Q: 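Input: one structure, supplied below.
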Amino acid sequence: MTSNDGYAVQLLVEKGFLSAEQVDAAEKSVKAENETTLDVLVAGGVVSEDEVLGTLAEQFGLKYCHINPDAIDRAVVEALPAEMAKKYAVVPVVAGAESITVAFSDPMGYDAIDSLRFVLNGRDVQAVVAPRAEVREAMAKLYADDEPVDVAQRDMIEGVEDGDGDDAPVIKLASLIITNAIKMKASDIHVEPMEKEFRVRYRIDGALRKMDSPPKRLQGALVSRFKIMSKMKISEKRVPQDGRIRITVGGKDLDLRVSSVPTNHGESIVMRILDKSNLSLGLPQLGFLTDDQATFERLIKLPDGVVLVTGPTGSGKTTTLYACLGQINTPDKKIITVEDPVEYQMSGINQVQVNKDVGLDFSAALRSILRQAPNIVMIGEIRDNETADIAMEAALTGHLVFSTLHTNDAPSAVTRLLDIGVKPFLVASALRAAMAQRLVRSICASCKEEYQATERELKMLGRISKTMPEHLYHGAGCDKCGKSGYKGRKGIFEIFNVDDEIQRLIFDHAPATVLRERARAMGMRTLREDGMLKVASGMTSLQEVLRVTMGDAD
């Protein structure tokens with residue numbers, strides 16, 4: 001009857017519902033291999049199911065009740081998809097905007113409710129206990145029209161157009177995968193066909209987290225649904241494709257950049273979630289320390305020159321550039337961007353989408369927009385010599401130019417520009433600064449706690465700061481952060497200012513190590529040093545800073 005009948009029998013004896021003699025007699029009457037003592041006692045009328053479940057529910061602090069499927073509103077049923085209800089053997093009985101109450105029949109199997117809480121992250125899940133027959137009857141009646149889609153139905157699913165067949169379970173499941181990712185504040189959704197499973201993972205605060213995955217048999221139907229939503233060719237499964245999904249969730253307009261790549265076991269789909277609310281981030285929200293923020297604010301208000309943001313993919317460069325543009329976007333300035341692709345639409349800014357199919361690459365677009373007499377230009381990325389030369393020349397003719405480079409640290413931006421063929425005198429004359437950045441996970445405010453720093457940790461921090469903290473902080477792990485101890489991310493930064501001496505060194509083709517030494521002498525903090533100061537302030541953990549600055553020897 002339950003996941004642990006022995007415990008239930010012992011509890012019923014302690015509560016006076018059964019005697020030791022009745023239990024002994026029932027044990028001798030057990031005949032079938034899968035029959036239990038409790039089954040015999042209930043079948044013989046010695047104890048009722050109500051008494052068993054009521055006692056167990058009370059023991060675990062749960063409410064025991066009877067449910068009537070006819071009294072359950074349809075809106076409540078729609079709050080919990082059929083596949084989830086059947087997987088966890090629960091039925092919804094009450095649902096609100098932020099909470100849901102479900103009924104299940106095995107108080108000893110409470111781990112199913114914990115799993116459901118994890119899947120419905122961000123929603124309060126409460127549970128009540130009801131008779132097994134009533135749960136089964138309610139499930140059959142409430143979800144009668146929601147049988148899982150079989151692979152045999154794939155062709156039908158592939159032919160569905162947006163707006164048609166909204167009741168199809170595969171459409172609901174595809175929407176659920178996206179909305180759950182948004183609720184959990186994921187940056188990416190990875191839908192990956194493996195040999196024996198169809199894996200779904202969310203990237204949350206920079207780390208991939210595996211979710212409950214759909215059945216392997218739904219792989220074809222779900223992939224096709226995502227391709228339909230992103231306007232890809234469903235019939236083409238041999239070559240990579242790119243698409244875009246525009247949706248509104250909870251009143252927020254969101255764009256998803258979708259990529260499809262054929263693999264050994266089917267098409268892998270990755271959806272990058274572009275949340276327009278990130279555009280409201282100002283420089284203070286990026287994680288700057290006070291002095292670095294003042295330095296960077298001075299740089300982005302210069303009348304001309306090139307300011308570069310460097311770092312690997314996923315280090316927050318685009319967010320930083322948009323925050324810069326948002327801060328300096330005033331009616332008296334004309335701002336034009338060249339991007340591939342345009343990730344966010346910004347009010348008051350002219351944004352140009354690169355289109356290589358018609359010959360509109362970065363360099364061609366940049367040449368054209370300079371004829372538009374802009375004050376400020378943002379180039380999504382400097383990738384080649386021609387684009388770099390035009391950017392430098394634009395800076396020398398009175399434009400302020402922002403762009404990104406893929407380098408490990410800030411001084412290496414100079415080396416990278418020289419390597420792709422930009423003349424040293426152009427770099428020395430036009431470059432005003434380069435800022436390297438990384439993203440570190442912030443300690444969850446809900447479970448943040450102090451701990452006594454080890455001698456090794458204090459030694460590492462002592463190299464950076466003369467003022468030693470008495471304690472460090474970490475996240476203990478809670479429901480709000482998915483037990484990770486982290487929630488949200490902030491930046492750590494390394495700002496390389498170009499002064500007269502560094503201009504001379506660049507003109508002389510000095511290596512990055514020499515440039516770095518000069519910058520350090522001027523007071524530049526390295527990425528690791530900036531991170532350590534943020535460890536001491538309690539913003540992040542030492543482990544996080546070491547993880548993202550492994551290449552930083554300082």
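Source: prediction; values computed, not measured. Sequence positions, counted from 1, serve as the residue numbers for this chain.
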Q: Does the ring-ring contact (aromatic ring centres under 6.0 Å, His included) test come out yes or no for Phe288 and Phe493, once each step is laid out?
A: CA-CA 7 Å; Phe288 283 107; Phe493 305 96; 4.0 Å; yes

Q: Within the side chain of Asp361, is there an N or O that forms a donor-acceptor pair under 3.5 Å with the backbone of Lys356?
A: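 Not confirmed, Asp361 side chain does not pair with Lys356 backbone.
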
Q: Please check: side-chain N/O of Ser403 versus main-chain N/O of Ile379, any donor-acceptor pairing under 3.5 Å?
A: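 Yes, Ser403 side chain to Ile379 backbone: donor-acceptor pair under 3.5 Å.
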
Q: Is a side-chain N or O of Arg257 found less than 3.5 angstrom from the main chain of Arg272, in a donor-acceptor match?
A: no

Q: Quick one: CE on Met194 to OG on Ser213, what's the gap to the nearest 0.5 Å?
A: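 The distance works out to 9.5 Å.
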
Q: Of all residues at least two apart in sequence or in a different chain, which pass the side-chain hydrogen bond (donor to acceptor under 3.5 Å, both in side chains) check with Thr540?
A: none

Q: I'd like to know if the side chain of Glu134 reaches the main chain of Ile67, judged simply by a donor and an acceptor atom lying under 3.5 Å from each other, with no hydrogens or angles considered.
A: yes

Q: In terms of side-chain heavy atoms, does Asp124 have a donor or acceptor partner in Gln126 at a distance below 3.5 Å?
A: yes

Q: Between the side chain of Lys480 and the main-chain N/O of Lys487, is any donor-acceptor distance below 3.5 Å?
A: no

Q: So, for Asp530 and Ile492, which heavy atoms are closest and what is the spacing to 0.1 Å?
A: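 Distance-wise, the nearest heavy atoms are OD2-CA, 3.4 Å.
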
Q: Could you pull out all residues at least two apart from Lys227 that satisfy side chain to side chain contact (heavy atoms under 4.5 Å, CB included)?
A: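 Applying side chain to side chain contact (heavy atoms under 4.5 Å, CB included) to Lys227 gives Val223, Met232, Lys237, Gln241, Glu267, Ile269.
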
Q: With a 4.0 Å cut-off, would you call Arg199 and Glu197 a salt bridge?
A: no

Q: Ignoring hydrogens and geometry, is there a side-chain-to-backbone donor-acceptor pair from Lys86 to Pro81 under 3.5 Å?
A: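 It does not hold such a pair.
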
Q: Using the side chain to side chain contact (heavy atoms under 4.5 Å, CB included) rule, pick out the option among Val91, Val77, Asp70 that qualifies with Lys141.
A: Asp70

Q: Could you tell me whether a side-chain N or O of Thr404 sits under 3.5 Å from a main-chain N or O of Gly380, the two making a donor and an acceptor?
A: yes

Q: Measure from the side-chain N and O atoms of Gln351 to the backbone N and O of Thr337, and report whether any donor-acceptor pair falls under 3.5 Å.
A: no

Q: For atom CG of Asn375, decide whether the heavy atoms of other residues, nucleotides or ligands shown that lie under 6.0 angstrom number more than 12.
A: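 Yes, CG of Asn375 has more than 12 neighbouring heavy atoms, counting only those of other groups under 6.0 Å.
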
Q: How about Lys448: does its NZ atom have over 12 heavy atoms from other parts shown lying under 6.0 Å from it?
A: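 Atom NZ in Lys448 is crowded, with more than 12 foreign heavy atoms closer than 6.0 Å.
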
Q: Grab the two heavy atoms, one from Ala130 and one from Leu53, that are nearest each other, plus how far apart they are.
A: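 Minimum heavy-atom separation between Ala130 and Leu53: O-CD1, 3.7 Å.
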
Q: For Thr263 and Pro193, which heavy atoms make the closest approach, and how far apart are they?
A: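 So the minimum-distance heavy-atom pair works out to OG1-CG, 3.7 Å.
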
Q: Look only at the side chain of Gln437 and the backbone of Gly311, and say whether a donor-acceptor pair between them is shorter than 3.5 Å.
A: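 Such a contact is absent between Gln437 side chain and Gly311 backbone.
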
Q: Identify, with sequence neighbours excluded, every residue that meets side chain to side chain contact (heavy atoms under 4.5 Å, CB included) alongside Ser259.
A: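 Ser259: side chain to side chain contact (heavy atoms under 4.5 Å, CB included) contacts with Asp242, Val261.
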
Q: To the nearest 0.5 Å, how far apart are CD in Glu192 and CZ in Arg201?
A: 4.0 Å

Q: May I ask you to decide if Arg441's main-chain N or O and Glu544's side chain share a donor-acceptor pair within less than 3.5 Å?
A: yes

